[in-house]
Every structure is written in structure tokens, then in C-alpha cells.
Visitor: 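My questions all concern the structure below.
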2 protein chains.
Amino acid sequence: MIDLAALSGLRAVATHGSVIAAAEATGFTPSAVSQQVKRLERQVGVPLLERVGRGVMLTSHGRHLVEAGEQVLADLERLEAEIQHRAGVVTGSVRLVAFSTAMRGLVAPVARRLLDEHPGLRLTLDEREPWDTVDLVAAGQCEVGIVHRWGGVTFAVPDHLATTRVADDVADLIVAADHPLASRDKVTPRDLLDVDWIATPEGTICRQWLHRMYDGTGRPPRIAHVSMEFESHLALVAAGLGVALVPRLGRAPLGPDLVAIDVYDPVPTRLVDALHRRTMADSPAVRAVLDALRAG
Amino acid sequence: MIDLAALSGLRAVATHGSVIAAAEATGFTPSAVSQQVKRLERQVGVPLLERVGRGVMLTSHGRHLVEAGEQVLADLERLEAEIQHRAGVVTGSVRLVAFSTAMRGLVAPVARRLLDEHPGLRLTLDEREPWDTVDLVAAGQCEVGIVHRWGGVTFAVPDHLATTRVADDVADLIVAADHPLASRDKVTPRDLLDVDWIATPEGTICRQWLHRMYDGTGRPPRIAHVSMEFESHLALVAAGLGVALVPRLGRAPLGPDLVAIDVYDPVPTRLVDALHRRTMADSPAVRAVLDALRAG
DNA sequence: CATTCCATGTAGTCTCGCTACATGATTGAT
DNA sequence: ATCAATCATGTAGCGAGACTACATGGAATG
């Protein structure tokens, strides 16, 4: 009999291209993944992986096994969800991965109530950036992923994942109370050509969107300081080092030394989506989590 | 993730109707089967088995899980066979179950050569009566089963099993060398109305056929002695206690004190068939075993 | 040619699933 | 009504199997 856990290991090797990458994607050691593949090879009696250079490559049999095995794996997951759906029982383990502001602004308020309402539900939380999140959901490492994308800035989501809109998160311009713009009702990027920005690091989605917001002005934003966390942005703004664009989701109440100003034309909005595998669409547990997120 | 081994346990309970029967069908203890079901229930979070009286019954969810799970199990088995088929490698483990005369007359001569030709093949032999054999093959407890049926005496074979004719086994009348019939070239049941028979026990297929052979005579055969094994039949015949109908397959050479006489009208022929699950039709290992049996 | 990176062996540990046995529950018989 | 029989299921203990940590062996890179 083919061992499905081992098959998952081979699938991870196939999708990630190396034993080491597969190992860290599945949370095992490279040795464990290697042994899983060997176990599979012993079970079917056919070589599945071959060394090429200092890496590995799937044999044609290995590729075929993964392709067809994925179907079996999906069928099994769908079957489990279907049984629970028929029973109408919210039960089982849901691993949820979110980006940090969603974790504190969206997940945290909802999780407690969710667990109280459904005693059979086991919820496991983890914090990742959106790109990693997509991979984790796609590979079956977690059931629900929460990602954000600014309007227009998209990234690819595999076909076998479904998307649910969870929130529209608007960002405000945060300035110090004594800043010249502090008295303004609302501002547009053309008002912000000469301000110093406190921004997230190069390569982050928020940073990309800050640039895109300036598209109509013909100039790039002037980045003065960089920080990972929006909480730190607030501190830097309060210290008079510049202004920041901070989403409302998960934002702590502003102190008296800070002012939030609406931005328009365009309104900086990021879309917050929940991802799940379509095979889990019938799972009452996943559905309960999604419903709670949408309502919260 | 649903544990497929546990699912097999539940399936056995479903098909055999009780935990104990499922246990002896799968070769586990009742406690193990019970724990397998509990494990499954924990994984899907839905009760699958409920006590009724002093036995058990599947819940509707349990029945649905078995029904759909059987599909997954079959897909996985088919996938394994298909991979090996593509590779053209005779490998893996084949469990073969046969009735006793086939074991010594058919399997034994073939097994040695089979193992020598295919080093990757692991062959496990077991001896059972045909009814048990059908169950074992159907339930996935063995890959190949060898059964016999006399013409006309049939038994049900599930749809998902395939049948391969392996041999036509003719039985002769065995009499002591000093018996009045010993000089005859051939005999017909009408010549045997008053002989004492040495027969297999009530309920065996051979016994049923002995009765059916007498259908045209209007009389039942006179059973004098009963013995499980044809080897013993020969000894009893040699001792002058009666005559016996002994198949040629697996029959030891007759001593000088015994004579084999052809029977006609009807010729007592039993059909020897090999059974295998259709999901294993592509398995080179199963195919090699079947080919060898047919050739031998 | 040394260094680095990757995969894979090896030894040890730990978890998980099975067996053996005991218990609880229900039915049928005396 | 009681006792025996039968079935399922808990519990303790044991053994196999799967993973981790570490060491080894190739292959590419500078």
C-alpha cells in the first residue's frame, strides 16, 4: 500500500525542486524527506527520484505518481470535508496563517469567539507574509491563509485555491500633531510630493503600493526611513522623522501627538482575502472560520 | 488527514458486520479494529460506529465514508499497479491463496521458477477453501486467489474481481487393484450405483459435485467414509474400504495396489480459476503470477 | 584545489499502533 | 431470575517504525 504521508513528501520535492526546500516547506528535516521518498520507492518498487548534479530530479514515474497521487490526496481531503458537511459538525484542526496586522486586527478578535462556539474546533495560528502564505495553503500546510493586495498589485494564486473577500482596509496618512498638514481634512498624493516617508522595506507589498500611489504625479515618493512594523512607523512619525501611510486594520489608537488624515484620489485601499483549497470548501470548520472572519 | 489503514478496518466492519469478524478477516485483534475506528472518528470528528444490542452498526456517515473511501482505496491501488506497469517491473508483494491440491499440484512447481525469474517479487502463500479465498481477495487481504468449481456448481464472485481460467482438472475413479471394476477401461455413474464411496466432508464443493454426478441415476451416492484429504482417500481405497473420486491435480503417483479409471457421461471436471481484483489488472507482479500459473 | 552546497546514510530516541488481558453490556438459556 | 455466552471496548505494555541529529560522500563554484 502506498503511504500517503510519504507521497506528500514526494509532492513537496516535486513542487519545490529540492529535498531541502521540500523539507522546510513540510516542516521536516531533509533526512526525513529523503527517507520518505525511499519508503515510497520500496513500496512501488520503482525509482522515483534521481540525483542530477548536486540536486535531484523526479523520474518520469515519479512525476506520474505525483500527478495522479495529488488527485487521490485531493479526493481524500474532499471526502473528509464532505462527511463533516453532512454531519454539520464544526470539528477538526484548522491551521490559519495571516500577515501580522491581520493577525492582531482581524484574527485575534474573532478567534476567541470561534473557539467558544465550537468546542470541537482546534485552531492553530501562524504569521507569514502573503507570498509564503499562498505556498502554505497550496501545499496543504495550512487550511486558511489571509493575504492582502493593494488594488492593481496582484500576485498569482493557483487554480485549486478559492478566494474570499474578508475586508477592505483603508490606509490613512499619519502625521505628527504639529506637522503642517495636521490641520487638513484630506490630502491627495499631489499634496505629498515633498514629504519624508517612513515606509516598509523594499520588496514588500505596501512599499510597492506606495510607489504606485505616486504614479499620477510623475515623481517617486521620497523614502527617508524604513521599518518592518507599522507600530514602529507611528513611533517614528511621533518623533518628527516623517509621515507614514498606515492601514486602519490592526492599528492601535493614536496618541494625542498623532493625527490620521484621509487620503483620496486614489484612496489607498488594500483588499484582504482569505484563501482555502477548493477541496476544503465543504468543510464546516473552514466555513465557520471564513464566516467569522467576514463578519468580524 | 484520514488514515487509510484505519479506513480499511472500518470497511472490514462494514462488510463483515461485526468487529470480531472484521478482526479475523484483517488479521488483527478486535481491540485493534476498535481502536482503528476510534482513530477514524477522532480524525473526522463524526461518530461512525454505534453499538446496537451487543453488536455494532455503521452510522449513515460511516456507511458513506466506507462507500466513498473504497473508491479512494481502489484508486490508490490502481495507481500503484499503473506505475509498476509503466515501469514494466515485476516487483512488490503478492499474497497467493489456494486450495490444498492446487497448492501442491499447481503453485509449488511454479513458485520456485517465478521467484528466480523476478528477484523483486515477494510471494506469500496461504491455503484456504474457495469461499474464504473469494472473501480474502475481495477484501484486499491477498492479491491472487485460486479456486475451483465443478461444472454447474457455481458461487458468487463480486463484480470488482476478475477471473482467469488456469486449468481444467479431471477426476478419476480410484479403485483398489483387486476391485471388480479395476479391469474396466472407463465407467459411468450408472456403473457405480452400489459402490461404497470415500468422500470429502458434507458441505465441501467436491462432495456437492459427487451428488450432482448422480443426478441422472435417480439415486444418491452411498457415502461410506469421509476424509478431508485426497491423500487419505487413496490410503482408504488401498485398504479396501471403498472407491474415491480423486482429481488429477496434485495427486501423487498411484502405487501398484491402486488403479485410476476414466469416468464419462459426465466427465467429472472441475474448473480451476485464479481471481484478482480488477484494480490490480495492470500490476506486472500479478500478471506474472497469472501467466506462470496458466503456463504451468 | 579548496570550499560550499546538496542529498543521503547511521545511530538514537520517541511516538504510535498493536497484543494481551480485563471490564462492561446485552442477549439467550436454564 | 440468574448464569453463561458473546461482543465491544477500555488499559498496560511492548515493539516497530519514523523522525532528528550528526556524519559522509559527491558535485559545482570560485
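Because the structure is predicted, anything quoted here is derived from the model rather than measured. Atoms considered below: every heavy atom in the structure, side chains included; atoms not considered: hydrogens, waters and symmetry mates. Every chain is numbered from 1, with letters handed out A, B, ... down the list of sequences.
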Visitor: Check R39(B), K38(B), R42(B) against D3(B) for a salt bridge (Lys or Arg N to Asp or Glu O under 4.0 Å) and give me the one that passes.
Guide: R39(B)
Visitor: Less than 4.0 Å between a side-chain N and a carboxylate O, is that true for D273(B) and R149(B)?
Guide: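 So R149(B) pairs with D273(B) through a salt bridge.
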Visitor: Nearest-nucleotide wise, let me know which of V52(A) and P30(A) is further upstream toward the 5' end of DNA chain D.
Guide: P30(A)
Visitor: So does D116(B) pair up with R113(B), basic N to acidic O under 4.0 Å?
Guide: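 Looking at R113(B) together with D116(B), the answer is no, because their closest N to O distance does not fall below 4.0 Å.
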Visitor: Which of these nucleotides, dG17(C), dA21(D), dT19(C), is closest to any side-chain atom of S31(A)?
Guide: dA21(D)
Visitor: Indicate whether OP1 or OP2 belonging to dG17(C) is found under 4.0 Å from a side-chain N or O atom of R42(B).
Guide: no
Visitor: Counting only side-chain N and O atoms of K38(B), is one of them less than 4.0 Å from OP1 or OP2 of dG10(D)?
Guide: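 Indeed, a polar side-chain atom of K38(B) lies that close.
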Visitor: Spell out yes or no: do the side chain of S18(B) and the base of dA8(D) have one donor N/O and one acceptor N/O closer than 3.5 Å?
Guide: no
Visitor: F28(B) side chain: which of dA5(D), dT19(C), dC19(D) is closest?
Guide: dT19(C)
Visitor: May I ask you to check whether E82(B) and H64(A) show a side-chain donor-acceptor distance below 3.5 Å?
Guide: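 On atom types as modelled, these side chains qualify, holding a pair under 3.5 Å.
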Visitor: Would you mind telling me which of dA28(D), dC19(D), dA8(D) lies closest to the side-chain atoms of R54(A)?
Guide: dA28(D)
Visitor: Is there a donor and acceptor pair, one atom on the side chain of S34(A) and one on the base of dG9(C), closer than 3.5 Å?
Guide: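 Such a pair does not exist between side chain and base.
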Visitor: Which nucleotide sits closest to the side chain of A32(A): dC19(D), dA8(D), dT19(C)?
Guide: dC19(D)
Visitor: With distance as the sole criterion, do the side chain of T29(B) and the base of dA20(C) form a donor-acceptor contact below 3.5 Å?
Guide: no
Visitor: Are OP1 or OP2 of dC18(C) and a side-chain N or O of Q36(B) less than 4.0 angstrom apart?
Guide: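 Yes, Q36(B) has a side-chain N/O under 4.0 Å of OP1/OP2 on dC18(C).
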Visitor: At less than 4.0 Å, is any side-chain N or O atom of R51(A) found next to OP1 or OP2 of dG26(D)? Yes or no.
Guide: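 Answer is no, no contact under 4.0 Å.
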Visitor: Checking contacts here: which listed nucleotide (dG9(C), dC18(C), dA7(C)) is nearest the side-chain heavy atoms of V56(A)?
Guide: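 The answer is dA7(C).
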